[in-house]
2 protein chains.
Amino acid sequence: MFNLILSLNMEQNRYNQITITDIAKALKINPSTVSRALSDSSVVKSSTKKKIKEYAVKHNYQPNYAARSLQKKKTHTICILLPKIVVHEFFGKILLGVQREAQKHGYRCLILPTNYDLHKEINEIKNLLNGGTDGIIMSYQSDGTSDDYVNELIERKIPLVFVDIAPPNLKVSKVIIDDIHAGYMATKHLLEAGASQIACISGPRNVINLQRVQGYQKAINESKSNLNTDLIIFNEKIIEGEQLGMVCSEKLLKKYPQLDGVFATTDMLATGLIKVAKKQNLRVPEELKVIGFSNWAISMLYEPSISTVDQPGFEMGMKAAQLLFSKISATSKVSEETVIIKTKVIRRESSKVN
Amino acid sequence: MFNLILSLNMEQNRYNQITITDIAKALKINPSTVSRALSDSSVVKSSTKKKIKEYAVKHNYQPNYAARSLQKKKTHTICILLPKIVVHEFFGKILLGVQREAQKHGYRCLILPTNYDLHKEINEIKNLLNGGTDGIIMSYQSDGTSDDYVNELIERKIPLVFVDIAPPNLKVSKVIIDDIHAGYMATKHLLEAGASQIACISGPRNVINLQRVQGYQKAINESKSNLNTDLIIFNEKIIEGEQLGMVCSEKLLKKYPQLDGVFATTDMLATGLIKVAKKQNLRVPEELKVIGFSNWAISMLYEPSISTVDQPGFEMGMKAAQLLFSKISATSKVSEETVIIKTKVIRRESSKVN
DNA sequence: TTGAAAGCGGTACCAG
DNA sequence: CTGGTACCGCTTTCAA
């Protein structure tokens with residue numbers, strides 16, 4: 001009975017939450033004072049502040065996000081747009097890094113998986129433009145033909161940071177790795193492990209792959225061995241990485257039995273390659289040394305374990321979020337910054353010296 | 001110059017977004033009419049509706065989330081609490097399913113990774129209670145000692161659906177699999193493949209593992225072979241699944257050389273097990289048949305490929321979201337529902353008949 | 001069919 | 001140091 005009366009007087013919210021006005025009424029003070037007290041304003045007398053805070057805690061007061069957002073024109077939400085999140089280990093790690101950093105800043109993190117569908121992506125972004133988010137972290141997945149949506153974000157001055165892949169011709173903030181250098185180091189690792197006839201297998205000719213291959217070429221050129229450009233294989237087909245690796249390796253290994261090393265631009269390709277090698281009774285690493293790229297779980301678990309280039313997604317995500325928050329909290333425009341995260345070669349069985 | 005004047009009159013928002021009031025002023029009609037028109041109310045004359053909509057599209061009007069939330073007391077956001085998201089393939093798939101369904105309903109999806117830290121989890125939930133979210137999907141990770149926070153959610157009537165694991169003694173909606181049955185089917189598969197001395201390796205004694213083991217016991221009991229309870233191994237240590245599998249399998253395989261089958265309650269355990277078997281020159285599947293659980297990527301990629309129980313995360317996530325939305329949109333209380341998603345044994349090399 | 005006005009929960013400005 | 005009040009953008013009565 002008493003409860004009924006109570007519930008008629010206050011806690012009328014959807015989820016029975018108490019509001020600032022409730023507190024004010026109960027304590028017979030003005031809502032504005034309550035607001036000030038709860039945000040620890042120095043102007044409020046400490047005794048009233050104490051009284052208010054105690055009441056708030058006791059009644060489990062929680063500020064209403066929507067109301068605060070509306071007033072402050074801040075959502076306390078950042079948004080991350082990634083393709084294939086989750087299913088893709090690397091993106092997953094990025095996400096974790098962003099999340100960690102967001103938590104520090106008291107921000108929430110909205111996640112939009114795009115599945116590589118650019119049009120959906122653009123639509124999502126439009127939905128975010130008004131009060132949807134305070135900033136965006138995204139990986140650039142366009143083919144370069146329609147960057148209008150990126151331009152729109154820039155024009156509207158929405159804090160924006162690219163991670164992993166950035167649009168090549170726009171002045172934006174980004175957190176990336178040096179794919180050329182990483183490809184170079186990977187190939188060099190094979191050379192140092194004793195390989196001299198080294199091929200390179202890759203997915204489609206996108207920015208990332210082209211750069212990794214470029215690094216490969218550089219390393220080969222620096223070595224004594226002459227580069228046979230036939231030894232570079234791009235695959236434009238969209239099938240699972242492992243399958244793709246098997247298909248293209250089959251031909252490659254048959255055609256060039258003298259090969260003693262392969263740089264695969266992803267771990268999945270490397271996995272497929274080794275499977276084929278085993279079938280053809282080629283021993284890895286004794287007869288063929290292999291290195292992959294990204295340090296996915298599979299590269300460690302596979303037998304033989306696969307050497308790879310560690311691409312520190314978590315760190316990249318954290319750094320991207322840090323950049324984003326510096327933009328969000330900046331009073332004046334911040335200059336565009338490019339952060340290059342260091343990668344390192346991880347030595348495993350697949351490239352052991354004989 | 002003209003732009004300056006324009007920007008003083010309208011588009012004063014943080015991101016230069018136009019508002020309903022702006023449209024009303026420009027068209028010299030009342031904001032309420034604009035609101036009605038934009039939500040397709042049937043009372044508005046079609047000619048004015050058309051005029052308003054055209055203007056809105058032309059000026060790229062987007063409704064303000066915060067304002068709408070505040071007014072409607074709906075956030076159009078659901079929240080998903082999962083441990084280890086991303087890094088954990090299964091949770092990743094759940095997430096994807098939820099997301100897909102949320103998109104259909106025009107909802108956004110807030111993701112909170114909890115890292116198995118219950119206290120953080122509880123704190124996060126508290127933050128969500130007021131206007132933070134319209135509903136919660138979560139996996140129950142508590143040890144059962146402190147379910148207060150679940151009770152609080154229930155008392156506050158916040159739409160709530162558990163996925164994968166649910167609190168055993170509370171009346172809640174949940175989307176789960178029948179772990180007993182799945183364990184039973186997995187073990188039966190080994191029996192049918194010709195194994196008769198079958199062990200079972202498992203992680204810690206949590207609800208999930210206990211049920212899978214229970215299914216194993218049932219299958220063994222039904223078969224002629226007598227169950228040796230020594231052949232059930234629980235591992236309470238918190239180390240990587242694969243390592244754990246290696247450590248416990250080492251002893252197991254040495255102690256019981258007569259073993260010809262193992263049911264591992266996770267794919268990672270199975271991977272570790274097979275690694276050890278190979279080292280001890282035990283041929284899989286010829287001498288030892290193995291089945292794992294969850295159908296992670298590794299189980300397909302490993303050599304030999306590992307038979308497993310498919311746990312359809314995507315479907316579970318979708319179903320959970322559907323349940324949640326039925327609760328959110330319900331006018332009166334909906335009864336608690338338990339949905340059991342079907343699992344199936346996936347036959348691969350590791351359990352091939354000799 | 002449209003307009004006027006109130007209010008969702010907070011914040012911030014101006015007075016006192 | 002505190003109270004009063006307007007307002008953030010949108011929806012929803014109530015009147016007209």
Side-chain angles (χ1 to χ4, degrees), chain A residues 10-53 56 59-76 106 127 129-132 134, chain B residues 9-53 56 59-76 127 129-132 134:
Chain A
M10 51 159 49
E11 303 194 357
Q12 295 271 13
N13 291 354
R14 182 172 170 81
Y15 298 129
N16 301 326
Q17 279 286 152
I18 202 179
T19 72
I20 279 192
T21 324
D22 293 330
I23 300 180
K25 273 183 197 153
L27 263 42
K28 300 208 170 73
I29 16 182
N30 194 283
S32 51
T33 307
V34 177
S35 172
R36 283 186 280 250
L38 291 175
S39 56
D40 244 335
S41 157
S42 57
V43 299
V44 183
K45 203 185 359 174
S46 65
S47 64
T48 47
K49 207 192 266 187
K50 194 174 161 228
K51 195 170 62 176
I52 292 170
K53 282 192 170 176
H59 292 75
N60 198 18
Y61 167 79
Q62 300 282 33
N64 178 308
Y65 267 108
R68 192 179 268 177
S69 294
L70 181 57
Q71 158 67 28
K72 289 232 185 185
K73 302 204 174 188
K74 281 247 183 191
T75 61
H76 287 270
N127 276 330
L129 289 182
N130 198 18
D134 290 351
Chain B
N9 286 336
M10 51 158 51
E11 302 194 355
Q12 294 271 13
N13 291 353
R14 182 171 170 82
Y15 299 130
N16 302 326
Q17 279 286 150
I18 202 178
T19 72
I20 279 191
T21 323
D22 293 329
I23 300 180
K25 272 184 197 153
L27 263 41
K28 298 208 172 74
I29 17 181
N30 193 281
S32 51
T33 307
V34 177
S35 171
R36 282 187 279 249
L38 291 174
S39 55
D40 245 336
S41 158
S42 57
V43 299
V44 183
K45 203 180 9 171
S46 65
S47 64
T48 46
K49 206 192 267 186
K50 195 175 159 228
K51 196 169 63 178
I52 291 170
K53 281 190 172 180
H59 291 76
N60 198 18
Y61 167 78
Q62 299 282 34
N64 179 306
Y65 267 108
R68 192 179 267 178
S69 294
L70 182 58
Q71 160 68 27
K72 289 229 187 188
K73 302 205 173 186
K74 280 246 182 192
T75 60
H76 286 270
N127 275 331
L129 289 181
N130 198 17
D134 290 352

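Per chain, numbering begins at 1; letters A, B, ... match sequence-line order.
The side chain of B/Lys45 sits closest to C/dT1 out of D/dT2, D/dG9, C/dT1. Looking at the side chain of B/Val44, the nearest of the listed nucleotides D/dT11, D/dT2, C/dT2 is C/dT2. Among C/dT2, D/dC10, C/dG10, the nucleotide with an atom closest to any side-chain atom of B/Thr48 is C/dT2. Residue B/Tyr61 has its side chain nearest to D/dC10 when only D/dC10, C/dT2, D/dG9 are considered.
When each of B/Ser47 and B/Ala67 is assigned the nucleotide of DNA chain C with its nearest heavy atom, B/Ser47 is the one assigned upstream, toward the 5' end.
A/Lys74 places its NZ atom 19 Å from the C1' atom of D/dG9, with the value rounded to the nearest Å. Taking atom CD1 of A/Ile23 as the reference point, atom C1' of D/dT2 lies 17 Å away to the nearest angstrom. One can place OH of A/Tyr65 at 20 Å from C1' of D/dG9, the figure rounded to the nearest angstrom. The distance from atom CG of A/Leu38 to atom P of D/dT2 is 13 Å, rounded to the nearest whole Å. If you take CD of B/Gln62 and C1' of D/dC10, they are 15 Å apart, rounded to a whole angstrom. Following rounding to the nearest Å, B/Leu70 (CG) and C/dC8 (P) show an atom-to-atom distance of 9 Å. The nearest whole Å value for the distance from the NE2 atom in A/His76 to the C1' atom in C/dG9 is 15 Å. The separation between B/Ile20 atom CD1 and C/dG7 atom P is 20 Å, rounded to whole Å.
The side chain of B/Arg68 contributes an N or O atom lying less than 4.0 Å from OP1 or OP2 of D/dT11.
In this structure, CD on B/Gln62 lies 11.0 Å from CD1 on B/Ile18, to the nearest 0.5 angstrom. Atoms NZ and OG1, from A/Lys45 and A/Thr33 in turn, are 11.0 Å apart once rounded to the nearest 0.5 Å. Going from atom CD1 of B/Ile23 over to atom OH of B/Tyr61 covers 6.5 Å, rounded to the nearest 0.5 Å. In this structure, CG in A/Asn64 is found 9.0 Å from CZ in A/Arg68, a value given to the nearest 0.5 Å. Atom CG of B/Leu70 is separated from atom OG1 of B/Thr75 by 12.0 Å, given to the nearest 0.5 angstrom. One distance of note links NZ of B/Lys53 with OG of B/Ser46; it measures 10.5 Å at 0.5 Å rounding.
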Short heteroatom pairs, N/O only, protein and nucleotides 12-16 of chain C, under 3.5 Å:
from: C/dC13; atom 1: N4; to: A/Arg36; atom 2: NH1; distance (Å): 3.0

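Comparing the helix axis at one end of the helix from C/dT1-D/dA16 to C/dG16-D/dC1 with that at the other, each defined from 5 consecutive pairs, gives an inter-axis angle of 40° (nearest 10°).
Looking at heavy-atom distances under 4.0 Å, B/Ser69 makes no contact with the nucleic acid at all.
When all heavy atoms are compared, the tightest approach of B/Asp134 to B/His76 is OD2-N, 3.0 Å. Scanning both residues, A/Ile52 and A/Ala37, for their nearest heavy atoms gives CD1-CB, 3.5 Å. Looking at every heavy atom in both residues, A/Ile20 comes nearest to A/Pro31 through CG2-O, 3.6 Å.
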